[in-house]
Amino acid sequence: METPYPIPISPTKTRIGWIGIGVMGAAMATRLLAAGYSVAIYARSPSKALDLQSKGASLVNSASELAQVSDIVFTMVGHPSDVRQNVLEKNGLLQGLNPGGVIVDTTSSHPALAREIFAAARAKGCWAVDAPVSGGDIGARDGKLAIFGGGDAGVVKWLSPLFEALGKVAYVGEAGCGQSCKIANQIAIGGNLMGLGEGLVFAERAGLDVKQFVEALRGGAAGSMAMELFGERMIERDFRPGGFAEYMVKDLGMGVDVVEEGEDVERLVVLPGAALAKQLFSAMVANGDGKFGTQGLISVVQRLNGKLLGCGCARVRRRHWR
């Protein structure tokens with residue numbers, strides 16, 4: 001039972017492979033299992049796959065083996081270097097992927113790498129789509145992720161049954177455009193989180209009830225999805241991660257740092273707000289809070305003001321990480 005592109009996708013026939021079963025990846029793979037798809041997993045730490053195995057997933061021993069038994073393989077890993085290792089290097093996905101097979105990289109990675117993977121896949125008679133996501137752990141759990149699809153428009157449309165189980169896909173252009181869209185998304189959300197955190201710190205210092213403050217903002221221009229997802233978490237000091245703060249440093253860095261070798265320097269833009277946001281998220285990492293969720297950015301603003309709103313970082317760690 002196989003459905004390589006362009007054979008229509010079907011829960012009873014299409015074989016799904018998955019690499020990356022952290023907070024986001026595990027939730028996304030769970031949704032595909034719940035939708036009736038057969039899912040195989042490659043994990044460097046097999047013990048982390050036990051929960052998904054209990055839900056019906058199978059486990060294989062390498063990325064290339066995963067590709068051999070899959071029509072479509074999703075990756076949701078940490079860094080571009082992880083994507084490269086799992087896809088392009090020895091025993092990687094492209095080594096084992098069958099003709100017509102499709103790689104869908106949902107990692108927040110570099111546009112240049114997405115273009116490289118697309119070209120390598122086409123040279124082998126396969127396809128690749130860069131489809132990074134936004135919406136955090138709640139969006140992954142509830143199937144409400146925003147998905148930015150880059151690559152061949154026909155392949156992205158063909159993948160719609162899978163994307164619909166995960167959220168809502170928007171086709172944004174050729175290979176690499178999905179990643180560029182995600183970087184722009186991170187620039188926007190980074191500034192949003194910075195403003196929300198500063199607003200909360202100011203509101204409390206001014207003597208306001210911060211929960212009433214958030215409720216008051218909901219009806220105005222300052223209301224946002226970031227506030228809905230993270231406002232309460234900031235107030236409650238719930239810094240459990242949907243996405244790690246250290247990954248935001250990586251994502252913003254791809255927007256504000258020097259372009260990769262070989263890229264058109266005209267792609268480089270000056271982004272003072274994103275640069276400041278990266279600096280503040282980097283401060284989180286320097287404070288030992290890189291594994292906190294991005295909503296933990298408020299802790300940096302609090303440190304700068306000499307106060308953690310009644311809760312020290314050590315207490316936050318004990319409360320949420322033991």
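Note that this is a predicted model, so its numbers are computed, not measured. Residues take their numbers from the sequence shown, with the count starting at 1.
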A side-chain contact here means heavy atoms from C-beta on lying under 4.5 Å apart; do [X] and [Y] qualify?
{"X": "Q295", "Y": "F239", "answer": "yes"}
{"X": "E246", "Y": "K291", "answer": "yes"}
{"X": "V249", "Y": "K278", "answer": "yes"}

Checklist entry - When you look at I138 and R233, which way does the side-chain contact (heavy atoms from CB on, under 4.5 Å) test go after all the steps? => result CA-CA 12 Å; I138 295 174; R233 292 187 181 191; 3.1 Å; yes

Where the side chain of [X] meets the backbone of [Y], is there a donor-acceptor pair that is under 3.5 Å apart?
{"X": "H110", "Y": "A112", "result": "yes"}
{"X": "D209", "Y": "Q212", "result": "yes"}
{"X": "T107", "Y": "V77", "result": "yes"}
{"X": "N192", "Y": "A188", "result": "no"}
{"X": "D130", "Y": "G178", "result": "yes"}
{"X": "Q68", "Y": "G96", "result": "no"}
{"X": "N287", "Y": "A283", "result": "yes"}
{"X": "K124", "Y": "L94", "result": "yes"}
{"X": "Y42", "Y": "R44", "result": "no"}

Next on the checklist: Apply salt bridge (charged side-chain N to carboxylate O under 4.0 Å, His left out) to residues R115 and E174 and explain how you reach the verdict.
Outcome noted: CA-CA 9 Å; R115 292 189 287 270; E174 63 185 16; over 6 Å; no

Inter-residue atom distance [X].[atom1] - [Y].[atom2], 0.5 Å rounding:
{"X": "Y37", "Y": "R31", "atom1": "OH", "atom2": "CZ", "result": "12.0 Å"}
{"X": "S180", "Y": "N185", "atom1": "OG", "atom2": "CG", "result": "12.5 Å"}
{"X": "S109", "Y": "K182", "atom1": "OG", "atom2": "NZ", "result": "10.5 Å"}
{"X": "E204", "Y": "I235", "atom1": "CD", "atom2": "CD1", "result": "10.0 Å"}
{"X": "D251", "Y": "F281", "atom1": "CG", "atom2": "CZ", "result": "10.0 Å"}
{"X": "S58", "Y": "I41", "atom1": "OG", "atom2": "CD1", "result": "7.5 Å"}

Next on the checklist: One pair to check against side-chain contact (heavy atoms from CB on, under 4.5 Å): K211 and E236. What are the steps and the verdict?
Outcome noted: CA-CA 10 Å; K211 290 189 177 182; E236 298 297 332; 3.0 Å; yes

Checklist entry - For atom CD of Q279, is the number of surrounding heavy atoms from other residues, nucleotides or ligands below 6.0 Å larger than 12? => result no

Checklist entry - Should the heavy atoms of other residues, nucleotides or ligands under 6.0 Å from NZ of K55 be counted, would the total exceed 12? => result yes

Checklist entry - With the threshold set at 4.0 Å, does a side-chain nitrogen-carboxylate oxygen contact exist between D238 and R240? => result yes

Checklist entry - When you check the gap from the basic side-chain N to the acidic O, do K250 and D82 get nearer than 4.0 Å? => result no

Closest heavy-atom pair and its distance - [X], [Y]:
{"X": "C126", "Y": "N98", "value": "SG-O, 3.2 Å"}
{"X": "L66", "Y": "A40", "value": "CD1-O, 3.3 Å"}
{"X": "A67", "Y": "V73", "value": "CA-CG2, 4.2 Å"}
{"X": "L59", "Y": "A43", "value": "CD1-N, 4.3 Å"}
{"X": "C181", "Y": "V172", "value": "SG-CG1, 4.1 Å"}
{"X": "A140", "Y": "A27", "value": "CB-CB, 3.8 Å"}

Report yes or no: do [X] and [Y] belong to one cluster of Ile/Leu/Val/Met/Phe/Trp/Tyr joined by side chain heavy-atom distances under 4.5 Å?
{"X": "L252", "Y": "I298", "result": "yes"}
{"X": "V69", "Y": "I9", "result": "no"}
{"X": "V214", "Y": "I189", "result": "yes"}
{"X": "V256", "Y": "L113", "result": "no"}
{"X": "L145", "Y": "Y247", "result": "no"}

Item to check | Donor-acceptor side-chain pairing of S62 and N91 below 3.5 angstrom | outcome: no

Checklist entry - Would you say the side-chain atoms of T3 and K13 include a donor-acceptor pair closer than 3.5 Å? => result no

Next on the checklist: Go through it in stages, so that I can follow the logic: the residues are R122 and W127, the test is side-chain contact (heavy atoms from CB on, under 4.5 Å), and I'd like the CA-CA distance, side-chain angles, deciding distance and then a yes or no.
Outcome noted: CA-CA 6 Å; R122 293 304 300 126; W127 298 88; 3.5 Å; yes

Checklist entry - With under 30° as parallel and over 60° as perpendicular, where do the rings of W18 and F74 fit, or are they tilted in between? => result parallel

Checklist entry - Out of D105, T106, N86, which residue meets the side-chain hydrogen bond (donor to acceptor under 3.5 Å, both in side chains) rule with T75? => result D105

Checklist entry - What do the steps show when you test V102 against D71 for side-chain contact (heavy atoms from CB on, under 4.5 Å), and what is the final call? => result CA-CA 6 Å; V102 179; D71 302 308; over 6 Å; no

